[in-house]
Amino acid sequence: MTREQLMEIIAQRISRCTACALHTTRTNVVVGEGSLYSPIMFVGEGPGEEEDKTGRPFVGKAGQLLTKILESVNIRREDVYICNIVKCRPPNNRVPKPEEQKACGHFLIAQIMIVDPQIIIPLGSTALSFFLNQNLSISEYRGKEMDWKGGKKLFPMFHPSFLLRNPSKEKGSPKDLTWQDIKKVRTFFDQYKRR
Ligand code: URA
Ligand code: SF4
Ligand code: URA
């Protein structure tokens, strides 16, 4: 089966999923989008209001900033794969509960197996903590290459919502650090060719 066919099967399963309480308040599930052949996968927390309405990841204000950050190093959204830990919107954009992350996590793991990226970029503390199974602060780990399963590497970055709340571009600010991080992502993208 092709990657497209495998992802379609996952998408069908997600669209019918009732494994956690988030299914009761969703409008649309948000599976993910982008290249199934990307060496880099971005993983956020969960859909927000705009994502719930449209069924697409990172299309609201935070998503528009993520798109701009990618474009600043000439990476188009379509060139990478973008998804979230949970596929249904947590009410009022609260952090997805541990049990919701546990109920949903196998879908993300399946997506990682299908896309098989060399670099996974957890956006924010919640995504980082999911991957490493412990509470970790993004400020401490962003911009650090960390070994993960299957020879894959994590390269955590700040969540774009955090950047919206911290707009300073001064040296050492979250935005300044993100600018450094995305330049590194560009080098990964060139180094790990698309397969
Ligand atoms: N924030 C996220 O974590 N994911 C989205 O898809 C949108 C906003
Ligand atoms: Fe299923 Fe995930 Fe949606 Fe919960 S968030 S209902 S586990 S798809
Ligand atoms: N990301 C940033 O944080 N700053 C820029 O100038 C470009 C991308």
Side-chain angles (χ1 to χ4, degrees), residues 1-67 70 77-136 138 148-150 152 154 156-157 159-162:
M1 263 195 283
T2 64
R3 293 185 190 198
E4 288 75 13
Q5 289 168 326
L6 291 167
M7 195 63 89
E8 184 53 32
I9 291 170
I10 300 303
Q12 289 291 331
R13 290 188 186 166
I14 291 172
S15 69
R16 285 188 237 105
C17 181
T18 57
C20 84
L22 296 181
H23 84 275
T24 62
T25 47
R26 75 183 173 215
T27 309
N28 291 291
V29 298
V30 178
V31 176
E33 68 181 27
S35 169
L36 302 183
Y37 301 86
S38 174
I40 300 174
M41 180 187 278
F42 288 82
V43 181
E45 197 169 289
E49 184 176 17
E50 203 58 29
E51 291 77 19
D52 177 66
K53 274 188 197 153
T54 58
R56 298 179 58 207
F58 283 100
V59 292
K61 282 209 170 68
Q64 287 163 25
L65 178 56
L66 176 63
T67 304
L70 289 169
R77 278 175 70 98
E78 314 89 86
D79 296 332
V80 294
Y81 194 76
I82 303 175
C83 62
N84 286 297
I85 305 170
V86 298
K87 312 307 188 191
C88 305
R89 182 193 182 199
N92 305 312
N93 302 338
R94 64 164 171 72
V95 175
K97 295 176 184 172
E99 64 262 33
E100 293 159 353
Q101 297 185 37
K102 280 200 191 85
C104 210
H106 67 102
F107 290 127
L108 175 58
I109 298 302
Q111 290 174 299
I112 291 170
M113 289 173 67
I114 293 167
V115 178
D116 192 26
Q118 283 115 323
I119 308 272
I120 297 171
I121 304 193
L123 295 169
S125 300
T126 306
L128 172 63
S129 301
F130 171 86
F131 281 103
L132 294 178
N133 249 303
Q134 51 186 316
N135 284 323
L136 299 170
I138 193 68
W148 195 62
K149 297 178 199 175
K152 300 185 188 309
L154 301 179
M157 289 177 55
H159 194 288
S161 303
F162 181 73

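- Between Leu154 and Leu132 there is a side-chain heavy-atom pair separated by less than 4.5 Å.
- Defined by atom type and a distance below 3.5 Å, a donor-acceptor pair is present between the side-chain atoms of Thr27 and Asp52.
- Minimum heavy-atom separation, Cys20 to Ala103: CB-CB, 3.9 Å.
- Arg94 has no carboxylate O lying under 4.0 Å from a charged side-chain N of Glu45, or vice versa, which leaves the two without a salt bridge.
- The distance from the CG atom of Leu123 to the CE atom of Met157 is 6.5 Å, given to the nearest 0.5 Å.
- For the ring pair (Phe, Tyr, Trp, His ring centres under 6.0 Å) condition, the pairs that include at least one residue of residues 39-66, sequence neighbours left out, are Phe58-His159.
- Here salt bridge (charged side-chain N to carboxylate O under 4.0 Å, His left out) pairs that include residues 32-41, with residues two or more places apart or in two chains, are Glu33-Arg56, Glu33-Arg77.
- Summarising the geometry, atom CD belonging to Glu8 is positioned 8.5 Å from atom OG belonging to Ser15; distances are rounded to the nearest 0.5 Å.
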Evaluation steps, side-chain contact (heavy atoms from CB on, under 4.5 Å), between Thr54 and Asn28
CA-CA 7 Å; Thr54 58; Asn28 291 291; over 6 Å; no

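- Ion pairing of Lys152 with Asp116 is present here, as a side-chain N (NZ or NE/NH1/NH2) and a carboxylate O approach within less than 4.0 Å.
- Sequence neighbours left out, not one pair with a member in residues 14-27 passes salt bridge (charged side-chain N to carboxylate O under 4.0 Å, His left out).
- The distance from the CD1 atom of Ile114 to the CD1 atom of Ile9 is 8.0 Å, given to the nearest 0.5 Å.
- Within the structure, side chain to side chain donor-acceptor pair (under 3.5 Å) pairs that include any residue of residues 80-93 comprise Tyr81-Gln111, Lys87-Gln111, Arg89-Asn93 (at least two apart or interchain).
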Using the side-chain contact (heavy atoms from CB on, under 4.5 Å) rule, take Leu108 and Cys83 through it: C-alpha gap first, then chi angles, then the decisive distance, then the call.
CA-CA 8 Å; Leu108 175 58; Cys83 62; 3.6 Å; yes

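- Going from atom CD1 of Ile82 over to atom CG of Leu66 covers 5.0 Å, rounded to the nearest 0.5 Å.
- Residues Asn135 and Ser129 share a closest heavy-atom pair of CA-OG, 3.7 Å.
- Distance check, rounded to the nearest 0.5 Å: CG of Leu128 to CG of Leu136 gives 5.0 Å.
- The closest donor-acceptor contact from the side chain of Ser38 to the backbone of Met41 lies at 3.5 Å or more, if one exists at all.
- Here Ser125 pairs with nothing under the side-chain hydrogen bond (donor to acceptor under 3.5 Å, both in side chains) rule; sequence neighbours left out.
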Apply the test side-chain contact (heavy atoms from CB on, under 4.5 Å) to residues Cys88 and Val29: give CA-CA distance (whole Å), side-chain angles for both, the deciding distance (0.1 Å), then the verdict.
CA-CA 5 Å; Cys88 305; Val29 298; 4.0 Å; yes

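- Using modelled atom types, one side-chain atom of Glu51 and one backbone atom of Val59 make a donor-acceptor pair closer than 3.5 Å.
- Panel note: side chain Gln101, backbone Pro96; a donor-acceptor pair is recorded below 3.5 Å.
- No side-chain donor-acceptor contact under 3.5 Å links Gln64 to the backbone of Lys61.
- Closest of all the heavy-atom pairs between Ile10 and Ala110 is CD1-CB, 3.7 Å.
- Atoms CD1 and SG, from Ile14 and Cys104 in turn, are 6.5 Å apart once rounded to the nearest 0.5 Å.
- Smallest separation of non-hydrogen atoms from Leu36 and Arg3: O-NH1, 2.9 Å.
- The heavy-atom pair separating Pro91 from Leu22 by the smallest distance is CD-CD2, 3.7 Å.
- When side chains are defined from C-beta on, Leu70 counts as touching Val80, because their heavy atoms get closer than 4.5 Å.
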The test is side-chain contact (heavy atoms from CB on, under 4.5 Å); show your working for Met7 and Thr2 and say whether it passes.
CA-CA 9 Å; Met7 195 63 89; Thr2 64; over 6 Å; no

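- Applying the ring pair (Phe, Tyr, Trp, His ring centres under 6.0 Å) definition to pairs two or more places apart or across chains, those involving residues 99-136 are Phe131-Trp148.
- Residues Pro90 and Pro47 approach most closely at CD-O, 3.6 Å, considering heavy atoms.
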